[in-house]
J.: 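Starting off with a structure, shown below.
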Amino acid sequence: MKVTGTMINYLFVCRRKLWLFCRHLEMEHNSDKVALGRLLHEEGFQRERRKELRIDDQVTLDFIDRDGILHDVKSGLSMSQAHQMQVLYYLYVLKQKGVPNRKGVINYVKQRRKEEVELTAEKEIQVQTAMGQVKAMANQRQAPPAERLKICRSCSYNELCWS
C-alpha cells in the first residue's frame, strides 16, 4: 500500500476519515471546503511556473518556487498540525527520491500567512511513525468509532459517520 499525503493529513484530522478513505470511500467530491481549496490553488500563485507536480501517485505538490522551496496552499489554519505533517511527508518523499529539499512553506491564503516547515532528523522519525500508523489503520478490519470533533460539521464524511 502506498501512503499518500492525503492519508498523512487525515491521520492528524480524524482516524475514522482516514480508515474510510483507505477503503476508497472518497467523499470530497461533495465538499464545498474541498472545492474552495481547489479554487484557491488554481487561482492563487498564477506567476508560479511549476504548479501541481505529481510524484508516483503519492505526492501532489502545489508548487515549487524559483528558489526550489516546496509550497502547499491551504485555506485555513484550523488543522495546522495535519498541514505540517503533510508537508513534512512531501519533503521526506522527495529526500527518498534524491531531492535534497529540506524546507517547505504552507501558504494560508485566506489569512495571508505563511508557515515554514523544515525536515529535521527528528521530524523524519515523526513522518516514518505516521506512515506506520497510516498502514496500521488501513489494515484494521473495523472502522474506529466516530468521535464528535470540531470539524465534523463541515466534513464531507459527516453523513457516513453520524447517520
J.: If you apply the rule side chain to side chain donor-acceptor pair (under 3.5 Å), what do you find for Lys74 with Gln111, and how did you get there?
T.: CA-CA 10 Å; Lys74 301 292 185 188; Gln111 292 82 10; over 6 Å; no

J.: Heavy atoms only: give me the nearest Met7-Val3 pair and the separation to one decimal.
T.: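 Nearest heavy atoms, Met7 then Val3: SD-CA, 3.9 Å.
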
J.: Would you call the rings of Tyr108 and His83 parallel, tilted or perpendicular if under 30° counts as parallel and over 60° as perpendicular?
T.: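 Correct class here is tilted.
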
J.: Just how far is it from atom CZ of Arg102 to atom CG of Leu88, taken to the nearest 0.5 Å?
T.: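 Taking CZ in Arg102 and CG in Leu88, the distance rounds to 10.0 Å.
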
J.: Distance check, rounded to the nearest 0.5 Å: Leu53 atom CG versus Ile64 atom CD1?
T.: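 Output value for this atom pair is 5.0 Å.
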
J.: Are Met131 and Tyr89 side-chain neighbours, meaning at least one heavy-atom pair lies under 4.5 Å?
T.: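 When only atoms from C-beta onward are counted, Tyr89 and Met131 do touch, with a gap below 4.5 Å.
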
J.: Which residues pass the salt bridge (charged side-chain N to carboxylate O under 4.0 Å, His left out) test with Arg148, not counting sequence neighbours?
T.: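 Checked Arg148 against salt bridge (charged side-chain N to carboxylate O under 4.0 Å, His left out); zero matches.
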
J.: Which pair of non-hydrogen atoms, one from Cys22 and one from Ala138, has the smallest distance, and what is that distance?
T.: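 Looking at all heavy atoms of both residues, the closest pair is SG-CB, 3.8 Å.
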
J.: Can Lys17 be said to sit on top of Tyr157's aromatic six-ring, NZ or CZ under 6.0 Å from centre and within 45° of the ring axis?
T.: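 So Lys17 doesn't make the cation-pi contact.
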
J.: Might you point out which heavy atoms bring Ile151 and Cys14 nearest each other, and give the distance in Å?
T.: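 Scanning both residues completely, I find the closest heavy atoms to be CD1-CB, 4.5 Å.
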
J.: Excluding sequence neighbours, so at least two apart, what forms side-chain contact (heavy atoms from CB on, under 4.5 Å) with Asp56?
T.: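 Here the qualifying residues are Lys2, Gln58, Lys97.
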
J.: Looking only at side chains, do His71 and Asn107 share a donor and an acceptor under 3.5 Å apart?
T.: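 Side chains of His71 and Asn107: pair found under 3.5 Å.
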
J.: Any non-hydrogen side-chain atom of Ser78 less than 4.5 Å from a side-chain atom of Lys150?
T.: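 Side chain of Ser78 against side chain of Lys150, heavy atoms only: no contact under 4.5 Å found.
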
J.: Find out whether Arg16 and Glu147 are in side-chain contact, i.e. whether some heavy atom of one side chain is under 4.5 Å from a heavy atom of the other.
T.: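 Not in contact.
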
J.: Can you give me the closest heavy-atom contact between Asn9 and Ala82, atom names plus distance?
T.: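 Taking Asn9 first and Ala82 second, the nearest heavy atoms are O-CB, 3.5 Å.
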
J.: Is any side-chain heavy atom of Ile8 closer than 4.5 Å to one of Thr4?
T.: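 Counting from C-beta outward, Thr4 and Ile8 never come under 4.5 Å.
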
J.: Salt bridge (charged side-chain N to carboxylate O under 4.0 Å, His left out) with Lys95: which residues, sequence neighbours excluded?
T.: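 Counting only residues at least two positions away or on another chain, Lys95 forms a salt bridge (charged side-chain N to carboxylate O under 4.0 Å, His left out) with Glu124.
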
